[in-house]
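See structure below.
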Amino acid sequence: MNDIQEYKLNVHVEPIAGFHMEELNFKCVLFVYPNKTVEVNKAVMVKVDEDNYIIPLTAELVKRVGRGQLKVRVIAEIPDRDFPDGFRTEIKEICTSIVIN
């Protein structure tokens, strides 16, 4: 029997510069310790609404992250004409209430 629990993590971001999550390219980096991270792309998340996406934390993903307090780094590309490539990168780090045992 697998002793690793599976979780659902809701990622919510208020509109940034008027853009909703559904309009942005973004990804999440999950970690307990900064030297062991797992990147989750928007394409594998489950859209709830324009500002909420669910990351299914499967047993395999949880194993790769490790044990401890789960943290999430949301990295979003915001359209911005002031930057040469037309985007600025915004990063927000969140400490979740999920503790992986």
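Quantities reported herein were computed from a predicted structural model and do not represent experimental measurements.
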**Report entry** Sequence neighbours excluded, every pair satisfying salt bridge (charged side-chain N to carboxylate O under 4.0 Å, His left out) that has a member inside residues 17-33
**Finding:**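 Listed once each, the pairs are Glu22-Lys47, Lys27-Glu39.
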Does the Asn41 side chain pair with the main chain of Ala43, one donor and one acceptor, at a distance under 3.5 Å?
no
For Ala59, is there any backbone N or O sitting under 3.5 Å from a side-chain donor or acceptor partner on Glu6? yes
Group every Ile, Leu, Val, Met, Phe, Trp and Tyr by side-chain heavy-atom contacts under 4.5 Å, then state whether [X] and [Y] land in the same group.
| X | Y | answer |
| --- | --- | --- |
| Leu70 | Leu61 | yes |
| Ile55 | Val46 | no |
| Ile94 | Ile78 | yes |
| Val74 | Val38 | yes |

| task | Taking the side chain as every heavy atom from C-beta outward, state whether Leu30 and Leu9 have any pair of such atoms under 4.5 Å apart. | result |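 Answer yes - side chains close enough.
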So Val72 and Cys95, do their side chains get closer than 4.5 Å, heavy atoms only? no
To the nearest 0.5 Å, how far apart are [atom1] in [X] and [atom2] in [Y]?
| X | Y | atom1 | atom2 | answer |
| --- | --- | --- | --- | --- |
| Ile100 | Leu57 | CD1 | CG | 6.5 Å |
| Met45 | Ile54 | CE | CD1 | 10.5 Å |
| Ile75 | Cys28 | CD1 | SG | 8.5 Å |
| Asp80 | Phe19 | CG | CZ | 8.5 Å |

Can you name the residues that form a side-chain contact (heavy atoms from CB on, under 4.5 Å) with [X], not counting sequence neighbours?
| X | value |
| --- | --- |
| Val32 | Val65 |
| Asp49 | Asp51, Asn52 |
| Val44 | Val40 |

- Which pairs with one or both residues in residues 89-98 pass side-chain hydrogen bond (donor to acceptor under 3.5 Å, both in side chains), sequence neighbours excluded?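 Matches after skipping sequence neighbours: Arg73-Glu93, Glu77-Thr89, Arg88-Glu90.
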Residues pairing under ring-ring contact (aromatic ring centres under 6.0 Å, His included) where one sits in residues 21-50, two or more places apart or in two chains, turn out to be Phe26-Tyr53
